[in-house]
Amino acid sequence: MQKECILVIGAGGQIGTVLTEALRSVYGQSQVIASDLKPLPESSGPSLILNALDGQALNDVVSKYQITQVYHLAAILSATGEKDPLKAWDINMTSLLNILEIARQKPLHKVYYPSSIAVFGQGARHENTPQLEVLIPETVYGISKATGENWANYYHKRYGVDVRSLRYPGIIGYQSLPGGGTTDYAVDIYHYAIRGEIFPCFLHANTALPMLYMPDAIRATLELMEATSDKINVRTSYNLAGMTFTPAEIASSIQKIIPDFNITYQPDFRQAIADSWPASIDDSAARNDWGWKPEFSLDAMTKDMILHLQ
Ligand code: AKB
């Protein structure tokens, strides 16, 4: 059997940084090629500069390294996307379609494509939002992810491409910083707390959003990708949940360890984005199909984040 060789696109990003290392520990350091738009810092394996909008360059890398799987993590997120919607659409869609075309032609063994809770919007149930729900997203990021999910499903049904996807909630980790999202506050808050600074939160105190701690997010991704094909019944994207909390709740979780910590609320344009998203997610399809189960609660995450950041 051919040895798997994995290309991670967006390996310098919040999830890419951690997922690349996790993949290397499973598949071997030399078997995971980290790529990004900018040079990556010294890491434990091979890395290169790659723009996924350049289909020829992508094709050349896939041929040269005999890539068998692609993890496509590069995207313009919800808040940044609203500043230049057409650019966000172009980047998010062109990169995905380049990868799906290469996956069909080579063919690749597997493709991973993250989606997001941003696919939900108008008319979707706010609490315990189901797997099969109306998708009328209110951000260009959400529109691109909802469309991307449908392309993934199309390439699977029409060409047999084994593309798998998760609808990530906000991801929180100590290893890397997020960039341009609406859930970023839940990472920034820990950095302010550690520095002993008051955190100016860009959302209201009581804005509940679905969130997931990085180790759970990485494990979910690996478990989804390792599951046998017959277990993958959702070929758009799986709902995925860990916990739900508000800015006030994460602040009081931090205050249990750092009692002097303080937060102020200065909602900006990201409040409207957060208000359009679910407060909690029904991930029973992921649980039933391939055994997903989160481990971290809010307080367990806070303890671990503070321990590592300190
Ligand atoms: C964002 O806030 O845009 C992302 C996401 C939920 O997909 N973190």
Side-chain angles (χ1 to χ4, degrees), residues 10 12-19 71-85 87-89 91-93 95-96 112-121 124 126 129 133 135 137-149 152 165-191 201-204 207-214 216-218 220-221 224 236-247 250 267-283 286 294 301 305:
Q14 187 204 10
I15 299 170
T17 305
V18 190
L19 187 59
Y71 284 65
H72 176 31
L73 304 174
I76 303 292
L77 299 187
S78 57
T80 305
E82 293 311 286
K83 293 179 185 155
D84 192 342
K87 187 174 165 202
W89 172 260
I91 291 175
N92 292 359
M93 297 318 305
S95 58
L96 173 65
Y112 178 69
Y113 170 66
S115 184
S116 161
I117 54 162
V119 295
F120 299 113
H126 194 61
T129 308
E133 181 56 295
L135 301 185
E138 294 186 12
T139 60
V140 68
Y141 170 63
I143 300 173
S144 74
K145 287 296 180 187
T147 309
E149 289 184 3
S165 175
L166 297 172
R167 288 175 179 154
Y168 285 138
I171 308 290
I172 298 145
Y174 57 85
Q175 301 94 329
S176 49
L177 289 171
T182 303
T183 57
D184 295 8
Y185 91 86
V187 179
D188 295 341
I189 192 169
Y190 287 105
H191 291 267
C201 184
F202 58 73
L203 298 181
H204 280 304
T207 308
L209 285 170
M211 301 278 184
L212 189 63
Y213 194 34
M214 186 68 83
D216 276 342
I218 300 299
T221 309
L224 171 79
T236 49
S237 188
Y238 277 99
N239 276 9
L240 188 75
M243 57 189 110
T244 280
F245 57 77
T246 65
I250 190 174
D268 65 14
F269 73 101
R270 289 167 281 193
Q271 183 66 49
I273 299 177
D275 288 343
S276 75
W277 288 353
S280 56
I281 294 287
D282 172 5
D283 62 359
M301 172 178 80
M305 280 293 286

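The model shown is predicted, which means the values in this text are computed figures rather than measured ones. Throughout, numbering of the chain's residues begins at 1 and tracks the sequence. Just so it is clear, the values below take in all heavy atoms, side chains as well, and ignore hydrogens, waters and symmetry mates. Every number for a ligand or one of its atoms is a count from 1 in the order of the listing.
- For ligand 1, the polar-atom distance check finds an N/O of Thr182 within less than 3.5 Å of one of the ligand's N/O atoms.
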Evaluate side chain to side chain contact (heavy atoms under 4.5 Å, CB included) for Tyr168 paired with Leu240, printing each intermediate quantity in order.
CA-CA 6 Å; Tyr168 285 138; Leu240 188 75; 4.1 Å; yes
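- Contacts of Gln175 classified as side-chain contact (heavy atoms from CB on, under 4.5 Å), with partners at least two apart in sequence or in another chain: Val18, Met214.
- Atoms of ligand 1 lying under 4.0 Å from any heavy atom of Ser116, numbered from 1 in the order shown and given with element: 5 (C), 6 (C), 7 (O).
- If you check the side chains of Glu149 and Ser165, you find no donor sitting under 3.5 Å from an acceptor.
- The distance criterion of under 3.5 Å between nitrogen or oxygen atoms is not met by Asp184 with respect to ligand 1.
- Every atom of ligand 1 is numbered from 1 in the order shown, and the set under 4.0 Å from a heavy atom of Leu77 is 3 (O).
- Here the heavy atom of the protein found nearest to atom 3 (O) of ligand 1 is Ser78 OG, 2.6 Å.
- Residue Trp277 has at least one heavy-atom neighbour below 4.0 Å for each of these atoms of ligand 1: 1 (C), 2 (O), 3 (O), 6 (C).
- Remark: side-chain polar atoms of Thr207 are paired, donor with acceptor, to backbone N or O of His204 under 3.5 angstrom.
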For Asn239 and Arg167, what are the C-alpha separation, side-chain angles and deciding distance, and is it a side chain to side chain contact (heavy atoms under 4.5 Å, CB included)?
CA-CA 5 Å; Asn239 276 9; Arg167 288 175 179 154; 2.8 Å; yes
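- Here the heavy atom of the protein found nearest to atom 4 (C) of ligand 1 is Thr183 OG1, 4.0 Å.
- Judged purely by distance below 3.5 Å, without hydrogens or angles, the side chains of Ser78 and Thr182 pair a donor atom with an acceptor atom.
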